[in-house]
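Quick notes on the structure that follows.
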Amino acid sequence: DSGVTQTPKHLITATGQRVTLRCSPRSGDLSVYWYQQSLDQGLQFLIQYYNGEERAKGNILERFSAQQFPDLHSELNLSSLELGDSALYFCASSVGIDSRRTDTQYFGPGTRLTVL
Amino acid sequence: AQKITQTQPGMFVQEKEAVTLDCTYDTSDPSYGLFWYKQPSSGEMIFLIYQGSYDQQNATEGRYSLNFQKARKSANLVISASQLGDSAMYFCAMREGENTGNQFYFGTGTSLTVIP
């Protein structure tokens, strides 16, 4: 158990809908990262937050947004869902004091999203 | 150019034997960190081992060791005395620089199957 929690574990929804994925980082970790893992794209970095502020952006679509709250939990919002958004969405956290190269990311169990 | 290359999509190893999973990386930054993660069929991403670019010795964590060859830009994972529970996908990842706030770059993974 990495100490990172994600809810829900599974989510099934229809095209055009909006969903929210939730992540609680390990105790003491200030950085939260979101990743999308699909069969054809592999593991794709979406976005990073550090202590409530957006820190880095990867291949995140305009239809997706995220935020990190004062209690450091994070939410990833996916809207106008398409079939291709079906994937495993991971949250990871790290101490992230300076985002140094030594800063290990610990992953949550993931949320499996299925868009029908 | 790919930042992380894992050229072995699938590997097989006999139980109790050692196996090496290949990883090469591409960076011009003198400061970087290399990571290996394991993803069993249950889906979670488990951190295994870390190697820093300035580390003089190869990293070891139990049965895992990292064969770090800086000049060749390779960071191969060696699993000794393979166990059935080692069957999983293995991902190599890299973070460049200090204080960058940047994301990890992940390879496409190697699927390891341990044969009884």
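First the proteins, then the strands, lettered A, B, ... as listed; each starts at 1. From a predicted model like this one, the values you see are computed outputs, not experimental measurements.
For A:L116, the CG atom sits in a packed shell: over 12 heavy atoms of surrounding residues, nucleotides or ligands are nearer than 6.0 Å. Remark: B:K70 NZ is packed, more than 12 non-hydrogen atoms of other residues, nucleotides or ligands lying under 6.0 Å away. With a 6.0 Å radius and a threshold of 12 heavy atoms from other residues, nucleotides or ligands, A:R112 has its CZ atom at or below the threshold. Within a 6.0 Å sphere centred on CD of A:E54, other residues, nucleotides and ligands contribute more than 12 heavy atoms.
Heavy atoms closer than 4.5 Å to chain B are found in the side chain of A:Q37, but not in its backbone.
Taking each heavy atom of A:Y33 and B:R95 in turn, the nearest pair found is OH-NH2, 2.8 Å. Nearest heavy atoms, B:F47 versus A:Q105: CB-O, 4.4 Å.
Residues A:W34 and B:F106 fall into different hydrophobic clusters, defined by Ile, Leu, Val, Met, Phe, Trp and Tyr side chains chained together at heavy-atom separations under 4.5 Å.
For the atom pair A:F90 CZ and B:Y37 OH, the distance stands at 11.5 Å (nearest 0.5 Å). In this structure, B:L48 CG and A:T104 OG1 are separated by 11.0 Å, a value rounded to the nearest 0.5 Å.
Counting heavy atoms from C-beta on, the side chains of B:M89 and A:L43 never come closer than 4.5 Å.
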